[in-house]
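Order of listing sets the numbers, starting from 1, for every ligand and every atom in it. Residues take their numbers from the sequence shown, with the count starting at 1.
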Amino acid sequence: MIKDIKANLKSILQLTLIMSFPLLVLVIFGLFLINDFTLFFREVGAIVLITAIFTGVILLINSFKIKKISLFIFQFVLALLVAIKAFFYFTFGTKPSASAIFIIFETNAKEVSEFFSSYFNISILSLITLCFLVFIFLIINLFYKPKFFQFLRFHKTSSIFKITLILLMLFSGYVLNRSFSEQSIILKLSHSIKEYNIAKNYYKEHLAKPKNNAINIISKDEEPQLGVVIIGESTSKWHMQLYGYNRETNPELSKLKKELFVFNDVIAPDVMTIMSLEKVLTLSDFENPKIDNNFSVVQLANAAAFETHWISNQQPVGFTESTPTIIATAAQHKKFLATDSYMYTIYDEALIPEVKKALKTKSKRKLIFVHLIGTHRIYKKRYPESYNYFNGVNERTKFKTKYSKEKVNEYDNAVRYNDFVVNEIIKLIQAENKNSFVVYFSDHGDDVFDTQDFVGHHRHKGSKPMFDIPFLSWFSKDYLEQNKRIDTLQSYNNRSYNAEDFIYSFSDLINVNFKGFDETRSIFSPNFKTRKRIIKKGLNYDTWKTNIDSEN
Ligand SMILES: [Zn+2]
């Protein structure tokens, strides 16, 4: 055993040194970026064990060629693991989270690349390059100094040496699985995929079919009606003129203000699209996230004898189907504009002709769901050049830098363009002159340097601008006449509301009473009752004092 080590000492040392380089990078950046000691220890521990296993495997291989290939693969994997950790700690100040990984599966490829590219900058790029430094060094040697790899030619080792090595590796694997499963990205990934598939099957089973037997309609209206539900994306009320923002981001809707019912105190149940919409558009809520008798607003509209349309500017499939797509599947007519938009950016105005088409069908009872790409990052890709309107520094920006100035202006341009799109859709419905309504809300907001030195939305950075969403509605004269009970609507605008209860407001709007319907949870009802608004991991939104509370 000792003989084996002595004979190969130089090789073993050199191999260990090379394999440990990503670990060294982790230790160095970890000292600066991971402020929790236990977490630091766990992160380092996990990479130590993975490095040990990989090194052990190389030591066991006999063939020089396979050893060389393994060296490259393992070095790359280690560098990648450390780079991913570096990215998350640097950008979000947190470990790679299940929710972040979830998004990677859930969102489409384009959004994922946007998600990453929008957070890349020189510092993080240098950090990631540093992780891959030895890998790059190995590649260079492969071409210019192949002799470098001679150290991989070991002297023959004894069986005792090999058995000891295997035992050590098995032990490392055991410890890794037991104590570091939280930290190990590989294990986390496989756990997340499992969890993800369970969730996916649940949604498919309950929400994908047009007809859902869990819906028990007690009474419904038979009148002709036209309803439009516009689902926004990443638009915070903090940047909307309608809600008191100091820039003209709502020139169109402001003109329409007299006819609008603008609700001032509505929050999103979550700051991530999928987690928010799976509550907003279905019966589930914070207390009951995965109820047995779940159904969606689309299925409810089907059951109430509406012709249903789902028109979307978000990609329906990426790595897999996303939850909003599953909900959309239940609609009788579906149109996804962004099925192949890797090369193009489709502005939301492309939805307008599709809404016009949907308005032309003969049905007297019709519900159109419009899913915008809204003001999702990267902001400047959300509006045409003609909407490049804002410049200069907005005094309200909390962290004033050249970068934040640019992002705030781009975001405000996108909000202004969104204003145009929403207004155009309302205009179409106005022109129909029917018993009709339009509701608009956003799935969540973004924090654009409003309360923190950060742009975008992320669970670990969850702040008020990410939860505070616009929620407004427009009703035709016919609608208001036929539904006298909402005469007093204008006095409802300060109701505190969590959009996870939207299905109750929705059924109230279309005059449907179903088993389980709770009028007190409809923002449009005279019998509305204020409910506790629980977000994050149990935080009461209404007593939330500090703006950022990553612990919750
Ligand atoms: Zn979203």
Could you tell me which N, O or S atom of D443 is nearest to the Zn ion (ligand 1)? OD2

Taking the ring centre of each residue, are F514 and F295 less than 6.0 Å apart? yes

Quick one: pull up CZ in F441 and CZ in F263 and give me the separation to the nearest 0.5 Å. 13.0 Å

Check whether NZ of the Lys or CZ of the Arg R247 lies under 6.0 Å from the centre of the six-membered ring of Y245 and within 45 degrees of that ring's axis. no

Atom CD1 of I34 and atom CG of L39: how far apart are they, to the nearest 0.5 Å? 5.5 Å

To the nearest 10°, what's the angle at the Zn ion (ligand 1) between atoms NE2 (H444) and OG1 (T273)? 120°

The atom name of the N, O or S atom in E233 nearest to the Zn ion (ligand 1) is OE2

Under 2.8 Å from the Zn ion (ligand 1), is there any N, O or S atom belonging to S234? no

Assess H457: does it contribute an N, O or S atom lying under 2.8 Å from the Zn ion (ligand 1)? no

With sequence neighbours left out, what residues match K255 under salt bridge (Lys or Arg N to Asp or Glu O under 4.0 Å)? E252

